[in-house]
Amino acid sequence: MTASLRLVLVWAALMGLLALTIGASFLPLGPVLPVISYAIAAAKAGLVLWFFMELREEGGLARLAGMAGFIWLAFLLTLLAADLTTR
Amino acid sequence: MSRRTSQDAIPDTREERASYLNAGQGLGSWLLTHDHKRIALLYLISITFFFAVAGCAAALIRADLLTPEADLLSNEGYNRAFSLHGIIMVWFFLIPSIPNVFGNFLIPLMIGARDVAFPRLNLASWYIFMAGGLLTLAIVVMGGVDTGWTFYTPYSSTYSNAYVIGALAAVFISGFSSILTGLNFIVTVHKCRAPGMTWGRLPLFVWSHYATSVIFVLATPVLSITLLLVALERIFGVGIFDPALGGDPLLFQHLFWFYSHPAVYIMVLPAMGVVTELITAAAHKRVFGYWFIAGSSIAIAVIGFLVWGHHMFVAGQSPYASAVFSFLSIVVAVPSAIKVYNWTATLHKGEILLDGPFLFALAFIGLFVVGGLTGLMLAMLAIDVHVHDTYFVVAHFHYIMVGGTVSAFFGALHYWWPKITGRLHSDLWSRVSAILIFGGFNMTFFPQFLLGYEGMPRRYHVYDPSFQVLNVMSSVGASILGLGYLLPLTYLLWSLRYGKPAGPNPWGATGLEWSVASPPPKHNFETIPLVATGPYRYPLEADAPDEGEGEKEAERV
């Protein structure tokens, strides 16, 4: 697979996930909807990191550094939720 | 100086010796330099200036608090004085102090590199820092800001009539300087280490700066966005924090402290790195528990991000969240305690010399322990409810941020001064100054623990007369502390002209920075060193096996 074809396929996958997000918003999913939306967003972020940011070609340390921002964001959101959901 | 090698008996020919100090002439050679050492000096001069400005604000505050009445500053003036003091001390002195001065100067030297990974970015970082600092000073000249350094909403976003947007912009700008410096250090440590300088051979000063850089890069953007959101709400009325507009009033505190609590570790982690170097050099002994100290730096950097809610125990945060944050705040004390135990274990059976830098390091340990233990008290929900927003909290964080970080800053300044300037300073006067600072500091801030425990709120300048004795003690202590801070300015500047020239290694210490001339040449090393051993291999422990990679000892570095 050529590099250009790979990028196009990843882009198509991202567009597909976007369509999935929009489609899910029209379904009567109730409180499950945000969970699905965040899961799709995480999958999109993963694709960007792995292919567009070329982390798949890097070693473990660079991958860890690339993920650090997301890990820290998870810290922020988890502990924020610990307050917001139990007030 | 107490411990010198025979190399120090060198003739006074500094003018002829080529070094980074005389590698270029004129102001332009400094303002456009890419040399990490010169940029470090630019930071040193800048932060000394900001330290003096914020110190003047502190002097005003302490003078006003000499009496229970508001007889020096108006209410508005007092608010602006403590806001100015906090904003400048935190963002324009404490945060850049050790990383941007000593980190910049020493990291390339310690890892055997000729410069940081991105020298131009390094200079850009200083210009951005100065832009933020000068904007803050402009705000002061225009009338100042009265929100405190914490910019709490809704006061900052809705009610304050001061120059809040300008102050937010200044801090926002300076944040980019922190991010760029952190990024530079991370890449430098990853990519610019000399051959053989494995992670296990890095000086612990470098480890602590690496951990600090992670915080710089990951926490500062959150602060920047938060300040931007305050500006959006204040200027455009976008509902983010104001419940009347659909916002969450606690969201600001969550976001602000997500940065600002780790910011305390930005201040104290580099100080811990400095103290490790000072302790091992003074004890002339290999450090106890290298990997525990290195690992505890990383642990502090990670766990330090999980404790911010302890600032919000009485702010309306849920009791469940408060319990979680209380537990995590106690957990973060563990890696800090590891460091303290390891420093004291390093001193055990060492060849200790009570020189100036060592006294500063001792002052750090003592004051940090008091600050840390009172921090544990504040992490307990019940105690925090009692002393929240009192002088107990003020005393606690000053023990960490001033007693700890500033003591380490002065320790670093004295220890690496011969390397930076090529001149030896007076050891007697450095010891006097360390003792003055330690005594003055305790006299200033210990009474504040008592004031807070008895119920004196922070940020008040009219108080119950029964609190006056302790307030007078605190103000007298501040005068002694001020003298202690001024003293080094005189004898260090004096040493620039009259101090004896320093050899490469006046302390007889290990480390690559001591293997080059004092002051170092422009590009640090004529040939990049080949590192074959771990750090801190002092003669006392010369026969011990290598803690690093297990290779044979070739040459002490």
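In what follows, every chain begins at residue 1, and chains take the letters A, B, ... in the order their sequences are listed.
Interface residue B:Leu306: backbone and side-chain heavy atoms are both found under 4.5 Å from chain A. In this structure, chain A has no heavy atom under 4.5 Å from any part of B:Val217. Of the two parts of B:Leu255, only the side chain, counted from C-beta on, holds a non-hydrogen atom closer than 4.5 Å to a non-hydrogen atom of chain A. When heavy atoms are compared at a cutoff of 4.5 Å, A:Leu61 approaches chain B solely by way of its side chain, counted from C-beta outward.
Of the listed residues B:Ile186, B:Val214, B:Leu250, the one with more heavy-atom pairs under 4.5 angstrom with chain A than any other is B:Leu250. In terms of heavy-atom pairs under 4.5 angstrom with chain A, the leader among B:Val222, B:Leu251, B:Asp248, B:Val324 is B:Asp248.
Chain B is approached within less than 4.5 Å, heavy atom to heavy atom, by A:Phe75, A:Leu76, A:Leu79, A:Leu80, A:Ala82, A:Asp83, A:Leu84, A:Thr86, A:Arg87 from residues 74-87 of chain A, ordered by number.
Remark: B:Phe325 pairs with B:Trp308 by the ring pair (Phe, Tyr, Trp, His ring centres under 6.0 Å) rule, at least two apart or across chains.
Within a 6.0 Å sphere centred on CZ of B:Phe327, other residues, nucleotides and ligands contribute 12 heavy atoms or fewer. The environment of CZ in B:Phe292 is sparse: at most 12 heavy-atom neighbours from other residues, nucleotides or ligands sit within 6.0 Å.
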